[in-house]
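Remember, predicted model here, so these are calculated numbers, not experimental data. By convention in this document, chain letters (A, B, ...) are assigned in the order of the sequence lines, proteins followed by strands, and residues within each chain are numbered from 1.
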There are 2 protein chains.
Amino acid sequence: MQVSARGEYAVRIAVTLATGHPRTISASSLAAVQALPRKFAEVILGDLRRAHLVDSVRGVEGGYRLSREPEAVSVGEVLRAVDGPLSEIRGRRPEETSYEGAAVNLPRLWVAARAAVRSVFDEVSLAQAATGEFPVRIAELTAADEAWMPR
Amino acid sequence: MQVSARGEYAVRIAVTLATGHPRTISASSLAAVQALPRKFAEVILGDLRRAHLVDSVRGVEGGYRLSREPEAVSVGEVLRAVDGPLSEIRGRRPEETSYEGAAVNLPRLWVAARAAVRSVFDEVSLAQAATGEFPVRIAELTAADEAWMPR
DNA sequence: GCATATCCTATCGATCAAGTAGGATTCAAG
DNA sequence: CTTGAATCCTACTTGATCGATAGGATATGC
């Protein structure tokens with residue numbers, strides 16, 4: 001479940017927009033407050049705009065704002081907008097894989113893994129990510145000390 | 001949760017070894033039966049050997065076999081041996097991330113996502129992956145039609 | 001018309017992924 | 001004690017992608 005710099009930046013930008021909603025915030029302001037490269041932030045905001053997750057306003061006093069309410073946008077949507085699909089197996093969708101011999105059951109495993117990832121990123125809204133009030137299922141996942149240990 | 005070609009190949013090789021356990025199987029035989037490049041398979045088997053997941057025997061009649069019983073090796077271990085950690089956020093471990101402002105709660109989200117991935121790959125053994133008799137929790141994840149749909 | 005934004009196109013260096021090449025080394029069987 | 005089949009080691013290539021930057025065209029409010 002590798003999240004690229006683009007993905008991380010996009011979510012940071014999105015939760016910042018969620019917190020300021022419905023005010024519009026400029027790219028330089030977003031970049032400054034989250035300490036990321038301004039030009040790169042512009043590129044990412046372009047991706048989010050083309051995915052219809054944010055609206056943009058040009059000119060002085062312009063900037064970006066979420067297209068929908070922060071409660072109605074999931075983190076998964078943001079990540080998909082900038083990186084592609086949440087889960088890929090050697091560049092293919094899990095359900096598109098197919099194997100011979102001892103590996104015939106692997107597609108089910110890949111699909112299960114994707115479902116697990118979705119159950120986190122598609123079930124957390126930008127509003128929840130901003131406030132830290134995660135759904136119970138998500139909170140439970142982070143409750144065990146073990147979840148915080150590298151492996 | 002991107003799985004690279006190395007990762008996919010490694011798991012396919014591992015379940016093949018699990019099925020043949022405890023016989024030793026040569027790299028060319030593994031490559032042939034799973035239809036993957038022989039030289040690349042050799043590289044991957046080297047990774048698995050250095051991770052102490054497989055033992056190798058040189059010479060004629062040589063080959064590879066699992067170091068432990070197929071029930072005692074998880075898919076997660078195989079994936080970690082060839083790609084690195086299951087989950088990384090911009091190249092860092094989830095628990096090592098840290099943010100200012102609206103993004104302060106994101107580390108919990110990253111940790112939750114990693115926990116979700118682990119709950120699949122670390123809970124499925126090579127024996128289960130080979131037979132298709134997955135744990136109930138995993139089977140449930142693949143039961144819904146929705147799990148098989150792209151998004 | 002000027003300051004401040006977004007927006008568009010192009011480029012760049014570094015890194016990595018996937019795979020290949022060639023051969024040195026090991027070992028059992030005959 | 002040779003031979004053939006296997007692991008193992010080092011190096012290389014090729015292409016794509018990632019993370020960014022540059023420079024300016026375009027829009028907008030005052």
OG1/A:T97 to CZ/A:R108 distance, rounded to the nearest 0.5 angstrom?
-> 12.0 Å
For the side chain of B:R6 and the backbone of B:I44, is there at least one donor-acceptor N/O pair under 3.5 Å apart?
-> no
Counting only heavy atoms not in B:E71, do more than 12 sit closer than 6.0 Å to its CD atom?
-> yes
When rounded to whole Å, the CG to C1' distance for the pair A:L45 and C:dC7 reads 11 Å
Side chain of B:N105, backbone of A:A130: donor and acceptor closer than 3.5 Å?
-> yes
Could you state the atom-to-atom distance from CG of A:L36 to C1' of D:dG19 in whole Å?
-> 12 Å
Roughly, in whole Å, what's the span from CZ in A:R50 to C1' in C:dC7?
-> 9 Å
Are B:Y64 and D:dC8 close enough that a side-chain N or O sits under 4.0 Å from OP1 or OP2?
-> yes
Check the distance between C:dT6's P and A:L48's CG and give it to me in whole angstrom.
-> 13 Å
Ignoring hydrogens and geometry, is there a side-chain-to-backbone donor-acceptor pair from B:R12 to B:Q34 under 3.5 Å?
-> yes
Could you list all N or O pairs between the protein and nucleotides 23-29 of chain D that sit under 3.5 Å apart?
residue, atom, partner, partner atom, Å
D:dG23, O6, A:K39, NZ, 2.5
D:dG24, O6, A:K39, NZ, 3.4
D:dT26, O2, A:R58, NH2, 2.8
D:dA27, O4', A:R58, NE, 3.4

Value in whole Å for how far the P atom of C:dA18 lies from CD1 of B:I44 | 9 Å
Look only at the side chain of B:W148 and the backbone of B:T142, and say whether a donor-acceptor pair between them is shorter than 3.5 Å.
-> yes
Hey, is CD on B:E96 packed in by over 12 heavy atoms from elsewhere, all under 6.0 Å?
-> yes
For C:dC7, does OP1 or OP2 lie under 4.0 Å from any side-chain N or O of A:R49?
-> yes
Separation of A:E88 atom CD from C:dA17 atom C1', in whole Å?
-> 15 Å
Please state whether the phosphate of D:dA6, meaning OP1 or OP2, lies under 4.0 angstrom from any side-chain nitrogen or oxygen of B:S56.
-> no
Expressed in angstrom and rounded to an integer, what is the separation of B:E8 atom CD from C:dG19 atom P?
-> 10 Å
If you find the nucleotide of DNA chain D closest to A:V43 and the one closest to B:G62, which residue's nucleotide is nearer the 5' end?
-> B:G62
Heavy-atom closest contact (A:V15 atom, A:A129 atom, distance) | CG1-CB, 3.8 Å
Does the distance from a Lys or Arg side-chain N to an Asp or Glu carboxylate O, for A:R92 and B:E8, drop under 4.0 Å?
-> no
Take atom CG of B:D47 and atom C1' of C:dC16, then tell me their distance rounded to the nearest Å.
-> 14 Å
In residues 12-23 of chain B, what residues come within less than 4.0 Å of DNA chain C, judged by heavy atoms?
-> none
